2 protein chains.
Amino acid sequence: MKDEDLAKDAGKNEDKVFKALADPSRRKLLDLLCEENGQTLNQLCEHLNMARQSTTQHIAILEAANLLSTVRRGREKLHFINPVPLHAVYERWVRKFEQQRLGLLHDLKTRLEGEEP
Amino acid sequence: MKDEDLAKDAGKNEDKVFKALADPSRRKLLDLLCEENGQTLNQLCEHLNMARQSTTQHIAILEAANLLSTVRRGREKLHFINPVPLHAVYERWVRKFEQQRLGLLHDLKTRLEGEEP
DNA sequence: TTGACATGCAGGTAAATACCTGCATATTGT
DNA sequence: ACAATATGCAGGTATTTACCTGCATGTCAA
C-alpha cells in the first residue's frame, strides 16, 4: 500500500472517531463503560432513555470507530472501551495546538500592529 | 447560577466543540490556521473547494464552539485559533481514559474467567 | 422442552446538516 | 466617484442522522 493510501486511511479512521464522539448519547456510553467496563447491552440501555435498538445503532458506530469492542458470552454481549483512538486524537489535535498556544497572542498582536502603522 | 446549570452549560459547550470537530472541512480550517494564524476568509476558501458561503457557515460553527475568533480589519476578516476548548476536551476525555488504560485488559481477563469457571 | 430473556435485523419518519445560488452591503485603490 | 474586492444575508435542496416499531433468532433455566 502506498503512503498516500495509508494517509487516506488514517484520515477516514480519524473522521469516524470524531463523528462517533459528536453525539452526546455515544459519549455517555463511553462514560458508562468508563465507570464499569464490560457491561451488557441491557445494562447500558437502562441509563439512556431511548429504545434498545437505538442504543444498538450508537454502539455500532462506536465499534466502527474502534472506540469499543464487544465479546459475546452466551446470550449477552459485553462491551469494552478501547482508549487508543482517543489518544490518537490527542496526538494529532491537542498537542499540535498546545505547542502553538503561547505564540498565538503574539502573532495576533504583531499582525494587527504591523498592518496599520 | 446553580451548580447544575453550570454543569449543563459546560455540557453544551462540550457538545458544540465535538460537533464542530466532527466535520473534515472544519478540521481542515483549524489545520490551515495552525499553519498560518490570522488568515482572511478568502485565503481560507482557496484551500477548501466549496463555495465561499459554505466556508462562512463552517467558520460560524467553529466560532460558536469558541474554537476560533475573528477580527475585522477594513473589508477583510482575520481568523485566529483558540486552543482552550481543545485542551478542555483533552482533560475531560483523553486523560480520563488514559488513566484506566492499563486496567482494561486485566478487567476483561478477570471478568471472562470469573464467569465461566 | 418450553417460556422467559438478550440480542439481531428490516424498514420507516422527522429533524439536522452541508451544500448551493442570488443578491445586498461595505471598503479600498485609481 | 466608481470599479473591483471582501464579506454578509436569505432562502432552497439533497443527504445524513437519530430516532422509532415490528418481527426474527438464539440462549438459558425450570
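Keep in mind that what you see is a predicted model, and the values were worked out from it rather than measured. Order of the sequence lines fixes the chain letters, A, B, ..., with proteins taken first and strands second; residue numbering starts at 1 for each chain.
The CD atom of A:Glu76 sits 7 Å away from the C1' atom of C:dA6 (whole-angstrom rounding). Taking atom CZ of residue B:Phe18 and atom C1' of nucleotide D:dT17, one finds them 19 Å apart after rounding to whole Å. In this structure, A:Leu48 places its CG atom 16 Å from C1' of C:dT7, rounding to the nearest Å. Atom C1' of nucleotide C:dA6 and atom CG of A:Leu44 are separated by 13 Å, given to the nearest angstrom. The nearest whole Å value for the distance from the CG atom in A:Leu41 to the C1' atom in D:dG26 is 15 Å.
Direction change of the helix axis from one end of the helix from C:dT1-D:dA30 to C:dT30-D:dA1 to the other is 30°, with five pairs defining each end axis (rounded to 10°).
For residues 45-65 of chain A, there are no salt bridge (charged side-chain N to carboxylate O under 4.0 Å, His left out) pairs, not counting sequence neighbours. Contacts classified as salt bridge (charged side-chain N to carboxylate O under 4.0 Å, His left out) and involving residues 82-93 of chain A (residues at least two apart or in different chains) are given here: A:Glu14-A:Arg92, A:Glu91-A:Arg95, A:Arg92-B:Asp31.
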Checklist entry - How does each nucleotide of nucleotides 14-30 of chain C score, in 5' to 3' order, for protein heavy atoms under 4.0 Å: base (B), sugar-phosphate only (S), or none (-)? => result ---SSBBBB----BB--
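For A:Ala22, the side chain to side chain contact (heavy atoms under 4.5 Å, CB included) partners two or more places apart in sequence, or in a different chain, are B:Ala22. Every side-chain hydrogen bond (donor to acceptor under 3.5 Å, both in side chains) that B:Asp15 has, sequence neighbours left out, goes to A:Arg27, B:Lys19. Under the rule for a side chain to side chain contact (heavy atoms under 4.5 Å, CB included), B:Ala64 has no partner lying at least two apart in sequence or in another chain. Listed by chain and number, the residues in a side chain to side chain contact (heavy atoms under 4.5 Å, CB included) with B:Ile61 are B:Ala20, B:Arg26 (sequence neighbours excluded). Under the side chain to side chain contact (heavy atoms under 4.5 Å, CB included) criterion, A:Ser69 pairs with A:Phe80, sequence neighbours left out.
Taking only side-chain nitrogens and oxygens, A:Asn42 never comes nearer than 4.0 Å to OP1 or OP2 of C:dC5.
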